[in-house]
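Just follow the structure's listing: the first ligand is 1, and inside any ligand the first atom is 1. Values below: all heavy atoms of this structure, side chains included; hydrogens, waters and symmetry mates excluded.
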Amino acid sequence: MKKKIYFDNASTTKIDKKVIKEMFTYIKKKYGNYSSNNYFGLRVKDIVNNIRIKISKILNCNKNEIIFTSGATEANNLAIKGYAFSNEKKKNFITFNIEHKSVLNVYKKIENFGHRIFYLEANKKGIYSTKKIKEYIYKYKIDMISILWVNNEIGVIQNIKKIGDICNKRNVIFHVDGTQALGKIKVDLLKYKIDLFSASAHKIYGPQGVGFLYKRENIKIVSEIQGGGQEMNLRSGTLAIHQIIGLGKAIELANRDLIKNNKRIKRISKYLVKELLGIEDTRINGSLKYRVPHNINISFGSIEGESLMLKMRNICLSSGSACNSSSLEPSYVLKNINVPTYMIHNSIRITLGKYNSIKEAKYFIKKIKKAVKELRNISPLWEIYKNSLKK
Ligand code: PMP
């Protein structure tokens, strides 16, 4: 197999041809400014309106509750700062220590403005304690909580239903970063009692640079970007119609093919997990039970993840989070779920998508088994490990 294998779908996904086609049709033939009241503008307004309706039907919300943004980072910023600065009395927030940086760093920032943030700890499987959430809500008059539905590094799924019920009962605003959940889990905003929901197109075979924030209609937030007042006065700037068209099509396809895609990915994932755990001295990081099959974060004793990746150059993987991988800092997510530092350096993240095949998985297993063997053959640490087993 000569071609490159892409196992880095949590970083970004290959854009679907059907998405490209719709975006190009617009760019070539149907340009216009959403805010103009001429023929071209009204035509564009109609297109965007239909996309809002489509998304709202899929997610079970109202069409005016969708605010288009440049991606999930912006949506998380708008949700958190927008709410925190909407009312002087809204001061107390909960989040967790393995959230995405686009949530954690926003909270770090608003701490400087007198807000009090409780960074709760995930357990060693990466799961959040609903008991602890309840406890803090009672004790500290919490105003809002931000939770990642599916973790981008370890694929662990949180109990959104239970947390949604807890927040709803206590009038706590429930913000969910659904970037890695959309397209993998059926999202029903009403059922899960979600107040704010962030997502991005490029994780679901759509274009980069576009996403949205869902905001329940009765919740007041303030805008981050001032200007012409687009997006219900919450996100000024000329709407990027071709991007929004791409997002709309990607959500439509993700919803249509959810079961089919999951079935395919589950089969590949099951095979990979069985084969990888069959290799001596390996461990999966994060819960094996509460995870999406798309993500396998695994550590190999006595081998650096980076060395493994170098040995398999035609297979695109990630060691730690993609956002961190330009530095060799150990992943804070793995650190915060108590993975020992050496095992963090020994980890790789395999993330699967709808274009992967079992044939690729079989090739990968053959390659990785060979690479592990070769690297361990020259590893003094492996020798020490093997000797320790003899004692
Ligand atoms: N949240 C999560 C969980 C993510 O995985 C990402 C992307 N790595 C983001 C937020 C940021 O998304 P975007 O790239 O659209 O800004």
Side-chain angles (χ1 to χ4, degrees), residues 6-15 19 55 66-82 95-109 122 126 128 145-158 160 163 174-185 187 194 196-214 224-225 235 237 240 243-244 246-248 250-251 254 286 290-292 294-297 316-327 331-334 336-337 349-353:
Y6 190 69
F7 278 170
D8 197 21
N9 288 276
S11 297
T12 199
T13 51
K14 179 180 168 186
I15 188 162
V19 172
I55 298 177
I66 302 292
I67 303 153
F68 294 116
T69 64
S70 63
T73 299
E74 189 190 330
N76 282 336
N77 271 267
L78 181 58
I80 299 167
K81 288 188 224 158
T95 193
F96 278 78
N97 63 351
I98 61 167
E99 291 287 315
H100 192 264
K101 286 272 166 86
S102 62
V103 164
L104 287 175
N105 285 341
V106 181
Y107 276 123
K108 289 238 169 73
K109 184 85 186 169
Y128 300 174
I145 173 162
S146 292
I147 300 270
L148 192 60
W149 196 329
V150 171
N151 187 283
N152 49 304
E153 286 200 43
I154 51 177
V156 169
I157 305 171
Q158 303 303 333
I160 293 299
I163 303 171
F174 187 31
H175 167 219
V176 175
D177 178 353
T179 312
Q180 298 285 349
L182 192 64
K184 302 181 178 89
I185 294 171
V187 174
I194 295 170
L196 296 158
F197 180 88
S198 324
S200 190
H202 74 102
K203 310 289 184 179
I204 54 165
Y205 316 97
Q208 295 177 341
V210 62
F212 68 92
L213 174 71
Y214 152 79
E224 271 224 282
I225 302 171
R235 204 276 186 181
Q243 297 289 76
I244 293 167
L247 168 72
I251 294 182
Y290 301 106
R291 68 184 307 115
V292 289
H294 308 64
N295 183 315
I296 304 165
N297 191 314
C316 304
L317 304 158
S318 155
S319 64
S321 168
C323 311
N324 290 341
S325 64
S326 53
S327 74
S331 141
Y332 69 94
V333 171
L334 297 182
N336 286 339
I337 61 164
R349 184 186 70 171
I350 304 153
T351 50
L352 306 170

Colleague: So do Phe212 and Ile244 actually touch side chain to side chain, heavy atoms under 4.5 Å?
Modeller: no
Colleague: Does at least one non-hydrogen atom of Ser102 fall below 4.0 angstrom from an atom of ligand 1?
Modeller: yes
Colleague: Which ligand 1 atoms does Ser200 reach within 4.0 Å, using its non-hydrogen atoms?
Modeller: 13 (P), 15 (O)
Colleague: Check whether any heavy atom of Lys203 sits under 4.0 Å from an atom of ligand 1.
Modeller: yes
Colleague: Restricting to non-hydrogen atoms, name the atom on Trp149 and the atom on Gly178 that form the minimum distance, rounded to 0.1 Å.
Modeller: CB-CA, 4.5 Å
Colleague: I'd like to check which ligand 1 atoms, numbered from 1 as shown, lie under 4.0 Å from a non-hydrogen atom of Leu148.
Modeller: 3 (C)
Colleague: Do Asn77 and Glu224 have side chains that approach each other closer than 4.5 Å (heavy atoms only, starting at C-beta)?
Modeller: yes
Colleague: Can you tell me how far the CD1 atom of Ile163 sits from the CD1 atom of Ile147, to the nearest 0.5 Å?
Modeller: 4.0 Å
Colleague: Quick one, Ile225 and Glu74 - any side-chain contact, counting heavy atoms below 4.5 Å?
Modeller: yes
Colleague: Please identify which atoms of ligand 1 are closer than 4.0 Å to at least one heavy atom of Gly71.
Modeller: 15 (O)
Colleague: So for ligand 1, is Gln180 a polar contact partner (N or O within less than 3.5 Å, distance only)?
Modeller: yes
Colleague: Run the numbers for me: atoms of ligand 1, each under 4.0 Å from some heavy atom of His202, listed by number.
Modeller: 13 (P), 14 (O), 15 (O)
Colleague: Looking at Tyr332 and Glu99, what are the two nearest heavy atoms and their distance?
Modeller: OH-O, 2.6 Å
Colleague: Tell me the contacting part of Asn152 for ligand 1: side chain, backbone, both, or neither, using a 4.0 Å heavy-atom threshold, strictly below.
Modeller: side chain
Colleague: Considering only heavy atoms of Thr179, which atoms of ligand 1 have at least one such atom less than 4.0 Å away?
Modeller: 1 (N), 2 (C), 3 (C), 4 (C), 6 (C), 10 (C)
Colleague: Please list, in number order, the atoms of ligand 1 under 4.0 Å from a heavy atom of Thr73.
Modeller: 11 (C), 12 (O), 13 (P), 16 (O)
Colleague: To the nearest 0.5 Å, what is the distance between CD (Gln180) and CD1 (Ile154)?
Modeller: 12.0 Å
